[in-house]
Amino acid sequence: MNKADIVTELRKAMEFYRELGFDFLPLKGDVPVGPECARVPAGNAHTAPVADAGDPCPDRQGSLVSLRDEIGDCRRCRLWQGRKNIVFGEGNSCAKLMFIGEGPGRDEDIQARPFVGSAGKLLTSLITKLGLKREDVYIANIVKCRPPGNRNPEVDEISTCIPFVEKQIDIISPQVIVCLGKISAQALLRSSIPISRMRGSFFHFRTIPVMPTFHPAYLLRNPKDKWLTWEDMQKVLEKIR
Ligand code: URA
């Protein structure tokens, strides 16, 4: 390849990454650039929906409705005092891919929907860049009520609420779970390993592979680490293919 061809190829690669929302290329050599990374959006994962549109999974939908009824007007922990709404979770009951965050923030509390604020916009854009739609996946949180001032949920709040997201996992039975951030990963996996060490490797919840990755709110503050989450998601796509 001559110099001009190399420049053309480099320009194409950079345009590709800019379209994915990356503002710059990492300098370290440990991030796959070129074919390894490009293969995913261009291949099956880009076009194949995660959920089969022809299969509405009516039993799972019914079980989710029953679970929501069981939660009722929950006052099992103190978080009910400050909440406007219980944020149950939403998405495709046939989803192969399930995202689990920490707990609702202000926007989620108002709208009663998970990940609809600024972190949610980044998550939605990540899902889209993976070639999926929000409606293809299922999104829930470890706790279903907003902790006051967006503080981290406390241990007793997590242990009171986590059985519900575990029941959601049992009902949906996804092929892969992505834990967004430290609270989610440590709670679901009963681990105290820092997220920076957990991310990028698969763990298991029962028999389901779990990929811990950075929380979108962290990525908004540290955009240079978007690459790492992008890498983690390539591994997830490989699993659900
Ligand atoms: N952060 C979370 O962990 N969950 C949400 O639903 C929104 C923001």
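We count ligands from 1, going down the list as the structure has it; atoms in each ligand are counted the same way.
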Counterpart residues, side-chain hydrogen bond (donor to acceptor under 3.5 Å, both in side chains), relative to N152 (two or more places apart): none
Taking 4.0 angstrom as the limit, do K144 and E108 come out as a salt bridge? no
Is the closest basic N to carboxylate O distance between E238 and R241 below 4.0 Å? yes
At less than 4.0 angstrom from any atom of ligand 1, which residues have a non-hydrogen atom? List them by chain and residue number.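 Lining ligand 1 at under 4.0 Å, by heavy atoms, one finds G101, E102, G103, E108, P114, F115, N141, H215.
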Rounded to the nearest 0.5 Å, what's the gap from CG on D73 to CD1 on I86? Could you check?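 The CG atom of D73 sits 6.0 Å away from the CD1 atom of I86.
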Quiz item: cation-pi between K239 and F202, 6.0 Å / 45°: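 Checked: cation-pi criterion met.
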Would you say the SG of C94 sits under 2.5 Å from the SG of C57?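 The answer is yes, since C57 and C94 bring their SG atoms under 2.5 Å apart.
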